[in-house]
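For reference, the structure is listed below as structure tokens.
The shown structure was predicted, so the numbers you read here are calculated from the model rather than taken from an experiment.
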2 protein chains.
Amino acid sequence: MERDKESKDFLLKGDQTYLSHISVDSVIFGFHEDQLKVLLLKWKGSGQWCLPGGFVMKDEHLDDSAIRILKERTNMESIYLKQFQVFGDPQRERKKNEFLNLQGLTKNSWIMQRFITVGYYALVEFSKVTPEPDVLSVECKWWDIHKIPKLIYDHNSILATALDSLRRSLNDYPVGYNLLPEKFTMPELQTLYETILDKAIDRRNFQKKMLALGILERLKERKTGGAHKAPFLYRFDKKKYEKAMKQGLKFGF
Amino acid sequence: MERDKESKDFLLKGDQTYLSHISVDSVIFGFHEDQLKVLLLKWKGSGQWCLPGGFVMKDEHLDDSAIRILKERTNMESIYLKQFQVFGDPQRERKKNEFLNLQGLTKNSWIMQRFITVGYYALVEFSKVTPEPDVLSVECKWWDIHKIPKLIYDHNSILATALDSLRRSLNDYPVGYNLLPEKFTMPELQTLYETILDKAIDRRNFQKKMLALGILERLKERKTGGAHKAPFLYRFDKKKYEKAMKQGLKFGF
DNA sequence: AAATAATGTGTTTTTGTTACACAATGTAGG
DNA sequence: CCTACATTGTGTAACAAAAACACATTATTT
């Protein structure tokens with residue numbers, strides 16, 4: 001029950017370590033088997049699912065909190081992270097009663113206060129992630145973006161906003177470097193775009209536009225093993241990709 | 001000294017009313033004499049300039065805090081407000097010492113704690129605003145966007161981010177309804193766009209594109225009084241404008 | 001009354017987007 | 001082993017949008 005003591009301490013004494021009233025919630029996107037996935041946690045008590053989240057340490061940069069939380073859940077470094085919105089409805093956690101059966105916890109306890117949460121979304125390479133529950137949860141796993149269950153509080157709404165935000169960003173910034181393995185095929189990249197945009201794109205026009213961005217490098221290898229004609233492998237030119245991320249693109253389907 | 005008591009109470013006992021560690025800062029844009037303006041406040045103590053800001057009441061929606069703060073500074077209702085970014089660097093207010101000479105205030109006081117601030121920008125009709133200082137400031141006035149002084153903390157950076165955010169939003173949403181008087185000319189609208197984008201736009205192409213959006217109504221009147229040929233007056237079709245705000249546009253120069 | 005400076009309008013050129021067709025190739029099944 | 005199939009690779013024509021550009025009109029100033 002070492003872990004239980006840890007979570008109890010956290011709930012009772014969190015205000016010694018963390019800022020009050022402020023939390024961070026992350027929508028962690030991955031891409032696997034031609035599907036966009038999101039990493040969710042299952043609560044110890046109620047068994048409900050939620051977004052991975054956490055709190056801001058007293059002297060920690062807000063962005064660093066998001067990075068730390070992500071690292072703890074995915075065991076990964078260097079992930080793409082973007083702050084997309086703050087959720088500040090005083091009623092957003094109105095059914096926060098899952099802790100009240102805990103010894104020593106009252107309505108005035110730190111954790112029972114109102115929290116304003118800062119939403120981040122992350123793009124990670126699915127295969128490199130080993131999902132790991134936090135002290136308050138029993139399970140951590142990927143969910144298909146089309147099959148998300150009812151989540152606690154306003155987390156469904158946060159997730160929807162994150163997806164919308166990611167979608168809009170596709171017109172200004174390239175995507176893929178953080179979601180795909182180092183080497184990938186054009187059809188794979190296209191499926192990623194189609195999945196995020198939830199929209200079919202013409203194969204030839206997609207390739208034309210993508211190559212025109214000048215951030216892709218075609219390798220001499222082809223991807224073998226699959227059925228049918230072997231497609232070429234590509235990889236991102238990191239320098240040019242990052243330049244595109246800084247400057248922004250004009251890119252719209 | 002009634003006002004001084006008020007500000008002292010605020011600094012010492014703010015934590016009875018407001019959430020700790022969270023503030024709101026607003027970049028209030030106006031448009032006057034073909035220039036984009038920003039409303040700034042001058043501090044009582046140090047005489048430095050800053051963005052209008054405030055705190056979130058314990059049971060208040062974050063957005064409502066921004067609305068309240070704006071109303072207090074501008075005496076205006078129904079302004080366009082947009083949350084654009086959170087600033088969470090623990091060092092962002094590192095030189096917060098303007099209060100320390102206040103009787104009863106210590107380093108542990110509420111106001112001396114670290115604050116994470118949520119940035120909003122507002123678009124308001126210049127002529128309808130009567131700038132009003134808050135309890136902590138002695139002056140409130142418009143500044144030309146190109147002549148902003150050194151502001152406290154990270155407020156210059158917040159302002160720059162707001163402008164950048166507004167600039168980017170021009171590609172997705174129309175602007176003008178909140179910044180211009182009810183009736184305006186095409187050259188005035190164009191100057192607004194040029195000022196925000198800091199870029200010259202072809203007069204004929206601008207008009208073509210604007211009219212194509214279908215959110216403008218040309219009046220029979222012309223604007224008289226100025227030198228040269230009298231331009232037509234236009235006004236926004238409110239319903240169509242709001243529809244465009246909801247749906248978003250494809251609009252880019 | 002003429003000069004000036006700004007507005008009103010339309011056409012051409014260029015660029016980008018969309019729609020579409022056929023040849024090439026690796027695997028699976030007979 | 002050969003054929004059918006599904007998928008990849010490539011190019012072109014039609015269309016739409018953006019950029020470049022010119023001339024007539026009009027209110028004020030000189």
| task | Provide, to the nearest angstrom, the distance between the CG atom belonging to A:Leu219 and the P atom belonging to D:dT8. | result | 17 Å
| request: Output yes when A:Arg168 and A:Asp164 qualify as a salt bridge under the 4.0 Å nitrogen-oxygen rule, no when they do not. | output: yes
| request: May I ask you to say whether A:Arg204 pairs ionically with A:Asp202, meaning some side-chain N is under 4.0 Å from a carboxylate O? | output: yes
| query | D:dG9 C1' sits how many Å from A:Glu188 CD, rounded? | reply | 16 Å
| Tell me, for nucleotides 9-14 of chain C in 5' to 3' order, what letter each nucleotide earns: B for a base near a protein heavy atom under 4.0 Å, S for only sugar-phosphate near one, - for neither? | BBB---
| Whether A:His155 side chain and A:Cys50 backbone form a donor-acceptor pair below 3.5 Å | no
Can you give each donor-acceptor pair under 3.5 Å made by side-chain atoms of residues 140-151 of chain A, sequence neighbours left out, with the distance rounded to 0.1 Å?
residue	atom	partner	partner atom	Å
A:Asp144	OD1	A:His146	N	2.8

| Does A:Arg92 count as lying over the ring of A:Phe87, i.e. NZ or CZ under 6.0 Å from the six-ring centre, within 45 degrees of the axis? | no
| Sidechain-backbone polar pair: B:Tyr121 side chain, B:Thr161 backbone, donor-acceptor under 3.5 Å | no
| task | Could you walk me through whether B:Asp134 and B:Glu72 pass side-chain contact (heavy atoms from CB on, under 4.5 Å), step by step? | result | CA-CA 8 Å; B:Asp134 64 17; B:Glu72 287 168 5; 5.8 Å; no
| Are any of the side-chain nitrogens in B:Lys238 or B:Glu242 under 4.0 Å away from the carboxylate oxygens of its partner? | yes
| Where protein sits on nucleotides 24-30 of chain C, one letter per nucleotide: B base, S sugar-phosphate only, - none, heavy atoms under 4.0 Å | BBBS---
